[in-house]
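This structure is a prediction, so every number in the text was calculated from the model and none was measured. Letters A, B, ... are given to chains in the order of the sequence lines, protein chains preceding strands, and every chain is numbered from 1.
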Number of protein chains: 2
Amino acid sequence: MALIRENSAGYLTNWAARLFTRELERQLAPTGIAPAYMPVLFALADGSTLTQKALARRAAVEQPTMAATLNRMQRDGMITRRPDPADRRCALVTLTPLALGQIDAVERVVSAINTLALEQLAPGEREQFLGLLRRVIGVLEAQDAA
Amino acid sequence: MALIRENSAGYLTNWAARLFTRELERQLAPTGIAPAYMPVLFALADGSTLTQKALARRAAVEQPTMAATLNRMQRDGMITRRPDPADRRCALVTLTPLALGQIDAVERVVSAINTLALEQLAPGEREQFLGLLRRVIGVLEAQDAA
DNA sequence: TGTATTCAGATAGCAAGCTATGCAAATGGC
DNA sequence: GCCATTTGCATAGCTTGCTATCTGAATACA
């Protein structure tokens, strides 16, 4: 149990992620942006247009997950979908002015939370933490692909 | 975007947690134990009995989340609930022999995944990673409580 | 050209987290 | 002893992840 809670990389990572998400939801509330909207928001922040498939790949979620996220974003007035004239299977997704107007606020929130989370670490430790996370992710991604 | 994906502690932590969970689900499949069952399993592994409230506290989830988890565990034959004679509000939760019989296998899976995830880190880095995670968690828990 | 395959998206259904709310049992103050 | 508060649990309803499966459009090949 102490083994699990305190010494398990998986347990600690999962708990940290839940705490990050809670704080993110709290701070994003006034913007109308949900955590799952963020990858879409940043992918289309330059006013560009992508298909659902491309957005799913960038967000590293499965296609039905992205479809549901886009449905909620459309409901909330954050995106528009229009049919691709060149390929009638595709829907082209674009941010609305409402969503574009929240980008700065969202970036400030993300930055504030990351700063808060790392505030007890020395500057070198912050880079170290991110580096270790990237290496752990690398191993798990390789396993996931296999 | 590169800022978000590569340099955001929140993004990286969340992505790592999702990868951990995917691998855990995959490896736990033959045991019939879902990831959310694990805190309950370990809390009651010694054959003891706890209330739903106590289990929720240990797992650090809200009461309705634990209620739903216990419902699924009951459906899967992993726990029994019996009324507390001393306090008719409480249900006393105990693991079934079926669940008790999976504990060793679950511990092996947890251990294997943690070992895999950290296999590219030097022994000192592994301790460092867990320590940094604990410190980040500490800050976020304090913020969450506030 | 026509059929087989691949590809994009939709939909159904489940897991596991959350908040809000209701109810019945226990407790505490008067 | 009675009423108000607290406490434990259930339930409704939401988000966000997943897999499995269907459909219709595009493509490839024979």
Side-chain angles (χ1 to χ4, degrees), chain A residues 11 14-26 28-29 32-41 49-57 59-76 78-79 81-93 144, chain B residues 10-11 14-26 28-29 32-41 49-76 78-79 81-93 144:
Chain A
Y11 179 88
N14 192 57
W15 181 219
R18 279 170 57 206
L19 289 167
F20 266 114
T21 300
R22 281 190 203 175
E23 188 57 27
L24 192 59
E25 262 175 354
R26 203 188 294 185
L28 283 182
I33 302 292
Y37 298 0
M38 289 185 21
V40 177
L41 198 71
T49 287
L50 288 173
T51 64
Q52 187 183 106
K53 176 79 174 182
L55 288 168
R57 199 175 340 106
V61 298
E62 297 301 316
Q63 170 263 320
T65 299
M66 182 51 68
T69 297
L70 292 176
N71 284 343
R72 290 193 301 274
M73 292 186 78
Q74 194 166 31
R75 179 202 64 194
D76 296 349
M78 297 294 175
I79 58 155
R81 279 157 155 155
R82 77 168 186 289
D84 184 345
D87 185 338
R88 278 181 297 164
R89 289 172 308 181
C90 300
L92 299 177
V93 179
D144 189 54
Chain B
Y11 178 86
N14 192 56
W15 180 218
R18 279 169 58 206
L19 289 167
F20 266 114
T21 301
R22 282 190 202 175
E23 188 57 27
L24 192 58
E25 263 176 352
R26 202 187 295 185
L28 283 182
I33 302 293
Y37 299 180
M38 287 183 25
V40 178
L41 198 70
T49 287
L50 288 173
T51 65
Q52 187 182 106
K53 175 79 175 184
L55 288 168
R57 197 176 344 103
R58 293 229 194 164
V61 298
E62 297 302 316
Q63 171 263 319
T65 299
M66 183 50 69
T69 298
L70 292 176
N71 284 343
R72 289 193 300 276
M73 291 185 77
Q74 196 165 30
R75 178 202 63 192
D76 296 348
M78 297 294 176
I79 58 156
R81 281 158 154 151
R82 77 167 184 289
D84 183 344
D87 186 339
R88 276 181 299 163
R89 293 172 304 179
C90 299
L92 299 177
V93 179
D144 190 54

- Separation of D:dT15 C1' from A:Met73 CE (nearest whole Å): 14 Å
- Message: Considering every strand and a 4.0 Å limit on heavy-atom distances, what is the contact class for A:Ala68: base, sugar-phosphate, or nothing?
- Response: nothing
- Going by the side-chain contact (heavy atoms from CB on, under 4.5 Å) test, name the single residue among A:Lys53, A:Arg57, A:Gln52 that passes it with A:Gln63. A:Gln52
- Does OP1 or OP2 of C:dA26 have a side-chain N or O of B:Arg88 closer than 4.0 Å? yes
- Does B:Ala34 or A:Cys90 map to a spot on DNA chain C nearer the 5' end, using the closest nucleotide for each? A:Cys90
- Considering just the side-chain nitrogens and oxygens of B:Arg75, establish if one lies under 4.0 Å of OP1 or OP2 belonging to C:dA15. yes
- Message: If you assign A:Arg72 and A:Ala86 each to the DNA chain D nucleotide with the nearest heavy atom, which residue ends up on the more 5' nucleotide?
- Response: A:Arg72
- Message: Between C1' on D:dG17 and CD on B:Glu23, what's the gap in Å once rounded to a whole number?
- Response: 17 Å
- Using side-chain contact (heavy atoms from CB on, under 4.5 Å) as the criterion, point out the one residue from A:Leu41, A:Asp76, A:Val40 that pairs with A:Ile33. A:Leu41
- Query: Sub-3.5 Å donor-acceptor pair from the side chain of B:Arg18 to the main-chain atoms of A:Ala60, do we have one?
  - Reply: yes
- Note on the structure: Taking D:dT19, C:dA20, D:dT16 as options, the one with an atom nearest any side-chain atom of A:Glu62 is D:dT19
- Result for 5'-nearest mapping on DNA chain D, choosing between B:Thr51 and A:Ala60, is B:Thr51
- Message: Suppose we call a contact any N or O donor and acceptor under 3.5 Å apart; does that hold for the side chain of B:Arg89 and the base of D:dC9?
- Response: no
- Message: Counting C-beta onward and ignoring hydrogens, is there a side-chain heavy-atom pair between B:Arg88 and B:Pro83 closer than 4.5 Å?
- Response: no
- Item | For atom CZ of A:Arg26 and atom P of D:dC14, their distance in whole Å | 23 Å
- Atom-to-atom span, CG of A:Leu70 to P of D:dT16 - whole angstrom: 12 Å
- Which listed nucleotide (D:dT19, C:dC18, C:dA15) is nearest to the side chain of B:Val61? C:dC18
- Given C:dA16, is OP1 or OP2 found less than 4.0 Å from the side-chain N or O atoms of A:Arg18? no
- Rounded to whole angstrom units, what separation is found between the CG atom of B:Asn14 and the P atom of D:dG17? 7 Å
- Task: Quickly work out the B:Glu25 CD to D:dG17 P distance and round it to whole Å.
- Result: 14 Å
- Selected nucleotide, minimal atom distance to A:Thr65 side chain, candidates D:dA20, D:dG17, C:dG17: D:dG17
- Side-chain contact check for A:Ala36: nearest option of D:dA26, D:dT16, C:dA26 is D:dT16
- Message: Mind checking if B:Pro35 touches a base, just sugar-phosphate, or nothing, with heavy atoms under 4.0 Å?
- Response: sugar-phosphate
- Query: Can you tell which of D:dA25, D:dT15, D:dC18 lies closest to the side chain of A:Asp87?
  - Reply: D:dA25
- Message: What is the separation between atom NZ on A:Lys53 and atom P on D:dG24, rounded to the nearest whole Å?
- Response: 20 Å
- Note on the structure: Of all heavy-atom pairs linking A:Met78 and A:Gly32, the shortest is CE-O, 3.4 Å
- Item | Nucleotide C:dA16, atom P - distance to CG of B:Asn71 in whole Å | 12 Å
- Using a cut-off of less than 4.0 Å, is there contact between a side-chain N or O of A:Arg22 and OP1 or OP2 of C:dG17? no
- Task: Quickly, which of B:Ile79, B:Thr49, B:Thr51 forms a side-chain contact (heavy atoms from CB on, under 4.5 Å) with B:Val93? Name it, please.
- Result: B:Ile79
- Message: Between the base of D:dA10 and the side chain of B:Gln63, is there a donor and acceptor pair under 3.5 angstrom?
- Response: yes
